Amino acid sequence: MQTRRRKTAAVPERSTPKHPAIRIPVERILAERRWIAARVTSGGVPRRDRDDVEQAVIVAAWMAVEAGRYRPDPSVAPRRALLGWLSGIVWRKVGHHVNRAWVRREIPMADPWSAEPPGRLSASTPACRPGAPAGGSRAS
């Protein structure tokens, strides 16, 4: 019995970019920090992690500019083009943060130190009281 050889498709070449890369100063990205913060907040990132995600967005945007991946359409207003481009970066960074929290099975809460983790001994546990036997409250 003969077997057919599977035909391999040729890898498509990357299309040439429609617009030239533009290098913008980092100050233009930093000027949109409040906008970035509002998008991160609306993405559901807990308060304790917002600064970290905002910083990750700014660093990723700056690295993309340095690598020549910021190619705005010249027919669009410069700020609008920048915000549209930044919204994609914010969307991805927020999504990555939420997915990492899900994988770690974290439960976002406003004050993480207010809740006591399960299985942790507290001062009200008999094993932690002064004079308690060394192995806990089990009888030998």
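These numbers were taken from a predicted model, which means no experiment stands behind them.
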Task: Non-hydrogen atoms of Ile24 and Tyr70 that approach each other most closely - done: CG2-CE2, 3.8 Å
Open item on the list: Restricting to side chain to side chain donor-acceptor pair (under 3.5 Å), what partner residues turn up for Glu54, sequence neighbours left out?
Closed with: none
- [ ] Heavy atoms only: give me the nearest His19-Pro72 pair and the separation to one decimal.
- [x] CB-O, 3.5 Å
Open item on the list: Among residues at least two apart in sequence or on other chains, which ones pass side chain to side chain donor-acceptor pair (under 3.5 Å) with Arg80?
Closed with: none
TODO: Report yes or no: do Val59 and Val57 belong to one cluster of Ile/Leu/Val/Met/Phe/Trp/Tyr joined by side chain heavy-atom distances under 4.5 Å?
DONE: no
Task: Straight-line distance of Leu30 CG to Ile36 CD1, nearest 0.5 Å - done: 8.0 Å
TODO: Determine which pairs satisfy ring pair (Phe, Tyr, Trp, His ring centres under 6.0 Å) with at least one residue from residues 38-58, sequence neighbours left out, and list them in order.
DONE: none
TODO: Mind jotting down which residue pairs meet the salt bridge (Lys or Arg N to Asp or Glu O under 4.0 Å) criterion with at least one end in residues 85-94? Sequence neighbours excluded, please.
DONE: none
Task: Pairs involving residues 18-31, ordered by first then second residue, that meet salt bridge (Lys or Arg N to Asp or Glu O under 4.0 Å) (sequence neighbours left out) - done: Arg23-Glu66
Task: Main-chain N/O of Val45 paired to Arg50 side chain as donor or acceptor, under 3.5 Å - done: yes
Task: same_hphob_cluster(Val26, Trp35) at 4.5 Å side-chain heavy-atom cutoff - done: yes
Task: Ser75: side chain to side chain donor-acceptor pair (under 3.5 Å) partners, not counting sequence neighbours - done: Asp73
TODO: State the CG-CZ distance between Leu86 and Arg79, to the nearest 0.5 angstrom.
DONE: 10.0 Å
- [ ] Compare every heavy atom of Ala81 with every heavy atom of Val76, then report the nearest pair and how far apart it is.
- [x] CG1-N, 3.8 Å
TODO: Can you see which heavy atom on Arg71 is nearest to which on Ala21, and at what distance?
DONE: NH1-N, 3.2 Å
Open item on the list: As an exercise, state the distance from CH2 of Trp85 to CD1 of Ile22, rounded to the nearest 0.5 Å.
Closed with: 11.0 Å
